[in-house]
> 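Just passing along the structure, written as structure tokens.
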Amino acid sequence: MPTACTDYAFNQIEPHWQKFWEDHHTFRAETGGARPKYYVLDMFPYPSGAGLHIGHPEGYTATDIVARYKRAQGFNVLHPIGWDAFGLPAEQHAVKTGTHPAANTAANIVNFKRQIKALGFSYDWDREVSTTDPAYFKWTQWIFLQLFRRGLAYVDERPVWWCPELRTVLANEEVVDGKSEVGGFPVERRNLRQWVLRITAYAERLLADLKEVNWPDSTKRMQEAWIGRSEGAEVLFGLETPVSGPLKIFTTRPDTLFGCTYMVLAPEHPLVDVLTTPPQRDAVAAYRKTTAGKSDLERTELAKEKSGVFTGAYALNPVNGGRVPIWVADYVVMGYGTGAIMAVPAHDGRDFEFATRFALPVVRVIDGPDPLPHTGDGRLINSPGYDGLPWAEAKAKITAELAARGAGRATVNYKLRDWLFSRQRYWGEPFPIVWVGEADYHRAAAARPDLPASPVTYRQDGVAHFALPLPESALPLTLPEVSSYLPSGDGESPLANVTPWLEIWFNFATGEHLPASQPRPAGDRWVRGRRETNTMPQWAGSCWYYLRFLDPTNDQALVSPEALRYWGVPDLYVGGAEHAVLHLLYARFWHKVLFDLGVVPQTEPFTRLFHQGIILGEDGEKMSKSRGNVVSPDTLIASHGTDTLRLYLMFLGPLEAMKPWSMQQIEGVHRFLHKVWRECVAADGTVNPKISPTAAEPAALTKLLHETIRKVGDDIEGLRFNTAISAMMIFANTLQKAPVVSRASMLAFLQLLAPFAPHLAEELWARLGEAPSIQRAAWPRFDPARLVAAEDKIVVQVNGRRRGEIMVPVGAGQEEVLALALQNESSAPHVAGKSFKRIIFVPGKILNIVVE
RNA sequence: GCCCUCGUGGCGGAAUGGUAGACGCUGGAGACUUAAAAUCUCCUGACUGCAAGGUCAUGCGGGUUCGAGUCCCGCCGGGGGCACCA
């Protein structure tokens with residue numbers, strides 16, 4: 001049933017059809033069946049207190065159009081939405097107000113849901129998930145246990161931002177110009193025990209499998225650069241005074257070994273203390289102290305000029321026994337390679353700069369005409385035994401000979417670092433880990449087949465702590481209530497203050513637990529334990545949500561094999577380019593782990609990826625609260641309706657482009673929808689009398705309809721919504737000039753419009769007497785026979801310049817077209833009296849006459 | 001510094017190597033109206049010409065081609081990513 005309004009009252013029409021869809025579960029996706037499946041996914045939002053931003057509906061409208069189009073094409077479409085609801089803002093709000101982050105999060109979700117529903121997206125709300133729901137994060141924790149068991153999770157001391165004034169750990173984004181964002185207090189780097197995931201073990205596969213996905217090239221390249229594979233060699237340099245074993249360095253240029261004139265250790269390198277000679281100790285200690293105070297960022301930003309200090313020690317070059325001084329400098333970082341390098345100033349820009357500053361010798365070993373440093377290719381010189389060899393050959397040969405002598409080997413290094421996976425926060429998934437003593441761990445190990453091959457441990461104040469996982473049957477581990485969301489004050493999360501939750505008697509077989517203040521229960525399976533107080537980062541929940549949508553209420557598995565087999569992975573994934581590296585890399589990592597576990601059958605989670613561009617404010621600047629140029633969907637829905645908003649978002653420009661918002665231009669698409677309304681509905685609200693079930697419409701209109709069907713379909717497939725809308729506008733303009741239109745043509749046109757402006761399309765569909773929903777009607781087909789023109793327009797060029805155009809019969813050959821062109825009054829004068837040099841003829845398109 | 005992208009009317013943008021500026025906005029003229037709004041029609045890159053037309057024009061400079069916004073080389077500018085990774 002349509003509404004009763006006589007003019008285009010979008011504020012009645014839109015809620016009416018939204019209610020219809022909801023009442024009829026129009027968009028529910030049933031798992032299984034004979035229809036082919038199509039899974040189209042948005043990056044689910046963080047439900048912030050600010051509500052929906054105009055950038056959200058841009059990507060969401062795009063996927064909604066695809067979802068509705070695919071349904072009409074006969075696909076069983078899965079189009080879900082959920083909430084990435086753990087995170088810092090809710091926690092900060094809780095600290096400020098004392099309300100539980102869950103309450104705040106729930107309120108934000110209600111608001112987001114209201115806004116998203118008002119946009120009329122065809123989500124299957126029966127599959128809504130939230131990462132903060134224990135029924136969801138049970139499986140986030142379960143995945144962590146699998147990582148743990150496979151030795152892919154470990155603990156390590158890692159530096160974090162620490163603010164002594166606030167007595168808390170800060171995230172990178174909470175530190176602005178070396179001060180805390182809140183209060184502007186100084187911050188420092190401090191080592192804390194952290195959970196780390198061994199993503200580096202998957203570096204090679206994460207790199208190699210990029211070849212298999214349909215992603216923007218720029219995104220693939222960013223991931224490649226982030227993984228940063230480089231081939232080279234590890235080389236051992238013996239010490240002149242062997243106070244320790246040899247120094248191991250990594251180099252990509254073993255061919256330049258003869259040009260090594262000094263070595264550099266990172267300030268944090270463990271051998272610095274061992275090999276520094278007594279006279280140099282004070283200088284080295286002072287240098288290490290100044291660099292330790294700097295963050296990685298400061299080290300790169302402030303160290304415009306190279307700095308360093310000599311250790312007093314010498315190493316011996318394994319290829320020629322040369323004596324090379326060992327320096328300490330912060331241009332070498334501990335986290336990459338071995339934290340030690342051989343310096344070849346002649347062929348490395350950084351080494352050259354350092355050598356110049358400290359007057360160290362420079363020896364050229366690669367020949368070439370250009371001045372030093374020469375980092376390009378060439379043949380070797382000054383390298384006895386290798387002179388004259390091309391560098392690539394020398395690389396292989398020297399590496400092989402070092403390996404034969406046990407002084408080195410070919411290796412591959414990655415820039416990718418292991419993933420710091422813990423936060424000292426309340427509002428995140430708790431780790432299902434209990435720390436126990438060594439003896440208790442070994443007793444538990446006998447009863448637990450699910451422990452890693454080597455235990456995860458750390459030492460504090462001389463005591464070893466062993467990580468014992470909760471049994472899977474004890475999941476989920478939920479967050480306890482806390483009296484304060486403020487951190488503990490010593491770098492631990494607020495969970496460290498909840499003693500009854502934290503300090504427990506733990507049954508290692510069943511996962512049962514009791515506060516440690518109570519007496520130890522009977523039985524030999526109860527051990528004293530302390531829970532992990534870190535929580536997981538926001539990435540955790542978003543790493544696998546696309547799998548949960550397949551089977552959102554399953555409490556036996558994170559997703560059933562049947563659902564996985566039927567739905568597979570998303571066929572299209574749309575989201576911002578800001579997630580090009582981290583989210584997409586982390587999710588790929590987890591997916592590969594799940595593949596190795598046999599949980600998922602594919603090696604990659606996202607086969608086709610697309611990034612929507614950013615919408616700027618009307619001033620051309622990035623939208624932000626402080627600039628006051630933020631556009632909210634709510635006000636636009638009220639003033640113009642959501643169909644207009646959706647259409648306009650898509651009409652702004654190419655989906656992937658960055659484009660400014662404009663209030664003036666929205667009137668254009670609004671007029672277009674009004675025009676469509678008028679073509680269907682007369683002033684009194686009845687069907688426009690020009691629509692006829694029997695009378696013939698102009699042939700040109702029929703032809704244009706078929707062209708439009710083809711164009712809109714092609715453009716939706718290619719996510720070119722702006723040109724699809726343009727094609728529909730052209731049709732509407734022609735329609736408006738036609739005295740009669742067949743009812744069938746009008747219905748077909750409404751179907752084309754339906755994915756873009758679904759509410760208006762439903763309304764007009766119903767008014768023309770069709771049964772709702774238009775979403776269930778089969779997508780119109782274009783008839784290629786209708787697209788054939790009677791005549792072709794040929795552009796006549798002379799020497800490549802347009803000189804006229806002629807109409808010729810379809811299929812006309814060159815001779816025929818040339819003859820016509822020579823008679824044509826506008827083009828003929830340009831060739832008169834000239835001799836033809838060449839004729840280029842493109843059938844149906846162009847005739848180019850080249851004259852002297 | 002390195003890597004990647006994008007530069008087209010007054011504006012957003014369109015153009016498988018084949019009529020540059022589709023579609024929309026803005027602006028102008030007209031129709032309808034007592035009037036206005038809405039709607040409809042025509043015009044709207046620059047220069048030149050009475051006109052037909054001509055010339056120039058896709059950031060700048062070269063090149064390939066019968067023909068270049070599109071391909072190649074070198075610059076300039078905007079945006080993004082990485083950043084002492086040996």
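To find a chain, count down the sequence lines: A is the first, B the second, and so on, and within it residues start at 1.
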> Taking 4.0 Å as the cut-off, does a side-chain nitrogen or oxygen of A:Arg671 come that near to OP1 or OP2 on B:C40?
no

> Report the C-alpha separation of A:Asn629 and A:Glu618 in whole Å, then their side-chain angles, then the decisive distance to 0.1 Å, and conclude whether the side-chain contact (heavy atoms from CB on, under 4.5 Å) test is met.
CA-CA 7 Å; A:Asn629 59 357; A:Glu618 273 193 279; over 6 Å; no

> In whole Å, I'd like the distance from the NZ atom of A:Lys659 to the P atom of B:C6.
14 Å

> Verify the contact: side-chain N or O of A:Arg678 to OP1 or OP2 of B:A38, cut-off strictly under 4.0 Å; return yes or no.
no

> Taking the same atom, C1', in B:A38 and in B:G49, what whole-Å distance lies between them?
40 Å

> Please classify the nucleic acid contact of A:Lys675 as base, sugar-phosphate, or nothing, using heavy-atom distances under 4.0 Å.
sugar-phosphate

> For A:Arg221, report the nucleic acid contact type (base, sugar-phosphate, nothing); a contact means any heavy atom under 4.0 Å.
sugar-phosphate

> Compute both the distance and the angle, then confirm whether A:Arg588 meets the cation-pi test with A:Trp419: under 6.0 Å from the six-membered ring centre, within 45 degrees of the axis.
no

> Taking atom P in both B:U34 and B:U48, compute the distance separating them and give it to the nearest angstrom.
43 Å

> For B:G67, take OP1 and OP2 only and decide whether either is under 4.0 Å from a side-chain N or O of A:Asn799.
no

> Can you tell me if the side-chain N/O atoms of A:Lys622 get under 4.0 Å from OP1 or OP2 in B:G79?
no

> Distance check: side-chain N/O of A:His830 vs OP1/OP2 of B:G54, anything under 4.0 Å?
yes

> Are any of A:Asn733's side-chain N or O atoms less than 4.0 Å away from OP1 or OP2 of B:G24?
yes

> Strictly under 6.0 Å, is that where the ring centroids of A:Phe651 and A:Phe672 end up?
no

> Any strand is fair game: report the nucleotide pairing with B:A15 by Watson-Crick or G-U wobble, both distances under 3.5 Å, or none.
none

> Looking at B:A86, I'd like to know if its phosphate oxygens (OP1 or OP2) sit under 4.0 Å from a side-chain N or O belonging to A:Ser230.
yes

> Would you mind classifying the nucleic acid contact of A:Asn848 as base, sugar-phosphate or nothing, using non-hydrogen atoms under 4.0 angstrom?
base

> On the nucleotide B:C66, are OP1 or OP2 found under 4.0 Å from the side-chain N or O atoms that A:Arg801 carries?
no

> Sort out the partner of B:C25 for me: Watson-Crick or G-U wobble, both distances under 3.5 Å, none otherwise.
B:G10

> Do any side-chain nitrogens or oxygens of A:Gln665 fall under 4.0 Å of OP1 or OP2 in B:C11?
no

> Could you work out the separation of B:G9 and B:G59 based on their P atoms and round it to a whole Å?
8 Å

> For A:Arg838 and B:C66, is the shortest distance between a side-chain N/O and OP1 or OP2 below 4.0 Å?
yes

